[in-house]
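A short write-up of the structure that comes next.
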Amino acid sequence: MLKASICTIGDEILIGQIVDTNSAHIAAALEENGIAVRRMLSLSDNHDDIVGTLRGELELSDIVITTGGLGPTKDDITKPALSALSGSTGYKRDERQLAIVHRILRSRGLDILPVNLAQADVPDKAEVIPNELGTAPLMAFSFSGGKRLYAMPGVPHEALGAIPLILEDIRRHFPAAGHILHRSLMVYGIAESALSEKIAPWEDALAADHIHLAYLPNTLTGIRLRLSTSTGTQQEQEERIGRQIASLKEILGDLIYSEQDDCLEATVGRLLKAAGKTVSAAESCTGGEIAHLLTTIPGSSAYFLGSVTSYAISVKEQVLGVKAGTIAAHGVVSAEVAAEMAEGVRRLTGSDYAVSTTGLAGPGGDDANPEGTVWIGVSSARGTVTVKKQYRNDRKRNIERFAAAALNELRKEIERSL
C-alpha cells in the first residue's frame, strides 16, 4: 500500500494564529483513494528545517504533500527550499500560470507587480499543475525510487481545489494504488471506556479479518466507531466489514444510532421525515440549543414545528401549562416538570413528538440535583417518558451534553414507536 506524509509549512500555524484544516481534507482524500497517511507535520518558515524534514519524509513515504509558503512575500520560502531539495539549478517561467496570474489580478482591479509575475517562476525540476484558483501554481517533483512530492498553496479554498488535481497525477504515476474501505457506526449513551469493555471480545476478533477499529468520541455526536481494512478486493472488504457490523449491532442494540458518519439531529430528522411526523421542543436549561441543532439540518421545516424556551417558571406555567402544584411538590428540576413541559409544548404546537429539558447547567445545585443534572421528557401518542442524566462539565459543555442526550432520547422514542 502506498504511504503518504502531509507537511504544512508556516510559522502562523505553529504559533496558533491559524488552524490547519488542509491536512484533514488531504488525509481524507488520500485514504479514500487507497493511500495510507502515516505522518502529519507542521514546519516553520526555515529553509534548513523544510529541506531536512522533507528529505526525511521522502525516505519514509511514497508521496509527500506540502501546503503553504508559496506566496509572493519574502517569508514564503517553500519554493526556494524545494528548489534546493530537488537539485534544481535555476527557475523557469510557466506561461500557463502566468496567464492565470494576469487574469486573477485584472479581475480584482489590482496592479500587476514583479512579485506577482514571479509566482509563475518555478524550480526547473518542477512539473507544473496550473492552479486556476490562485496565483501560485501546484508543483510536482520526482525523486529516486519513484517517490513524488507535491506542493500546493496554503490558502484553504485553493488547497481544496488542488486535491482532485493532485489525486489525478497520483493515479497516473501510481496506477497500482490499493483500496481502503472505511465504515462508521455512531454510538450514543455509553462512555468510551464502558464501550471498549462491552465490545472487547468482538474487537479482539477483528484482527483475523484484517480490520482496524478506531474510537472517535465527540460531545455532541457520541462515539464514532470507524472500521477500516485494506486487505483483499473491494467486494471482500465489504463482506468482511458487513459481517462484523452485523455482529456488533447484536451486541449494542439501540446504542447505535447511525451506520454512517452522522449526528443525532440528522438522524432524528431522517426518522421524522420518513415517517411523516413532526416534533417540537420545550427547553429550560438548554436555552434553545435543541431547536438550534434541529434547524441546522437542511429541510428541517418539514418536521420541526417550533420550540418554547421556558427559562422562567412563569413561562413554564402560563405558556406550557405546567401546574404550579407540580413545581411546588417536586421542584423545577424533576421528572414531573419535564413531563408536563413536553406534554404542554406538544399540545401547544400539535406535533407528533415533543422533547423537553429542565436542569442545572451550573454553577449551583444541591444534594438532590447537583450541578450538571438534567431531566429529559419525551412525549408522543404512546405516552410520556422521562430520563435523568448527570454530567460533570462546565456550563457550556453541560448545555451541549444536555441537548445531545435529549435528542438521543427523542431518537429512541421515535424508533420504538415506528
Side-chain angles (χ1 to χ4, degrees), residues 189 264-265 268 271-272 277-295 300-301 303-391 393 395-417:
L264 286 160
E265 55 268 30
V268 166
L271 290 169
L272 291 169
K277 303 293 185 180
T278 57
V279 70
S280 59
E283 303 184 58
S284 183
C285 55
T286 46
E289 180 72 8
I290 296 171
H292 165 69
L293 291 172
L294 286 170
T295 54
S300 56
S301 59
Y303 51 82
F304 180 60
L305 299 188
S307 67
V308 175
T309 303
S310 54
Y311 215 65
I313 290 176
S314 59
V315 177
K316 290 179 177 68
E317 294 177 348
Q318 296 168 21
V319 178
L320 294 176
V322 177
K323 300 180 182 67
T326 302
I327 295 175
H330 304 284
V332 173
V333 182
S334 63
E336 292 77 9
V337 169
E340 291 189 15
M341 287 174 64
E343 291 162 358
V345 79
R346 181 167 169 256
R347 184 172 55 248
L348 184 67
T349 63
S351 61
D352 298 295
Y353 298 91
V355 61
S356 67
T357 56
T358 179
L360 296 164
D366 53 35
D367 292 340
N369 291 305
E371 178 180 329
T373 299
V374 63
W375 275 100
I376 297 165
V378 179
S379 179
S380 70
R382 286 164 33 94
T384 302
V385 296
T386 57
V387 177
K388 184 180 185 180
K389 301 286 185 181
Q390 289 185 315
Y391 302 103
N393 303 111
R395 181 178 177 83
K396 181 177 185 297
R397 185 62 61 87
N398 278 336
I399 290 171
E400 292 173 344
R401 297 196 72 173
F402 292 173
L407 287 172
N408 190 53
E409 295 303 321
L410 172 62
R411 184 267 306 181
K412 291 192 291 185
E413 179 58 25
I414 296 170
E415 289 177 340
R416 284 192 292 263
S417 63

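- Ser280 meets the side-chain hydrogen bond (donor to acceptor under 3.5 Å, both in side chains) test with Thr349, Ser351; sequence neighbours excluded.
- Glu409 contributes no side-chain N or O that, together with a main-chain N or O of Val378, makes up a donor-acceptor pair within less than 3.5 Å.
- Two residues are said to be in side-chain contact when any heavy atoms from C-beta on lie closer than 4.5 Å; Leu320 and Glu340 fail this criterion.
- Asn398 and Arg401 share no donor-acceptor pair across their side chains, judged by distance under 3.5 Å alone.
- Scored by the side-chain contact (heavy atoms from CB on, under 4.5 Å) test, Leu272 finds Val268, Lys277, Val279, Tyr303, Tyr353, Ile414 as partners (sequence neighbours excluded).
- Here salt bridge (charged side-chain N to carboxylate O under 4.0 Å, His left out) pairs that include residues 372-384, with residues two or more places apart or in two chains, are Arg382-Glu413.
- Of the residues Asp352, Thr384, Thr386, the one that meets the side-chain hydrogen bond (donor to acceptor under 3.5 Å, both in side chains) test with Ser379 is Thr384.
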From CA spacing to verdict: side chain to side chain contact (heavy atoms under 4.5 Å, CB included), Lys389, Ile376: CA-CA 8 Å; Lys389 301 286 185 181; Ile376 297 165; 4.1 Å; yes
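- In terms of heavy atoms, Gly350 sits closest to Leu305 at C-CD1, 4.2 Å.
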Which is it for Ser380 and Ser417 under the side chain to side chain donor-acceptor pair (under 3.5 Å) test, yes or no, and what are the steps along the way? CA-CA 9 Å; Ser380 70; Ser417 63; 5.4 Å; no
Apply side chain to side chain donor-acceptor pair (under 3.5 Å) to residues Thr357 and Glu283 and explain how you reach the verdict. CA-CA 5 Å; Thr357 56; Glu283 303 184 58; 4.8 Å; no
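- Listed by first then second residue, pairs satisfying salt bridge (charged side-chain N to carboxylate O under 4.0 Å, His left out) with a partner in residues 353-366 number zero, not counting sequence neighbours.
- No more than 12 heavy-atom neighbours from other residues, nucleotides or ligands sit within 6.0 angstrom of NZ on Lys323.
- Taking a cutoff of 4.0 Å between a charged side-chain nitrogen and a carboxylate oxygen, Arg397 and Glu400 qualify as a salt bridge.
- Remark: Glu336 engages no residue in a side-chain hydrogen bond (donor to acceptor under 3.5 Å, both in side chains) (not counting sequence neighbours).
- For Glu317, the side-chain contact (heavy atoms from CB on, under 4.5 Å) test picks out Ile313, Ala324, Ile327, with sequence neighbours left out.
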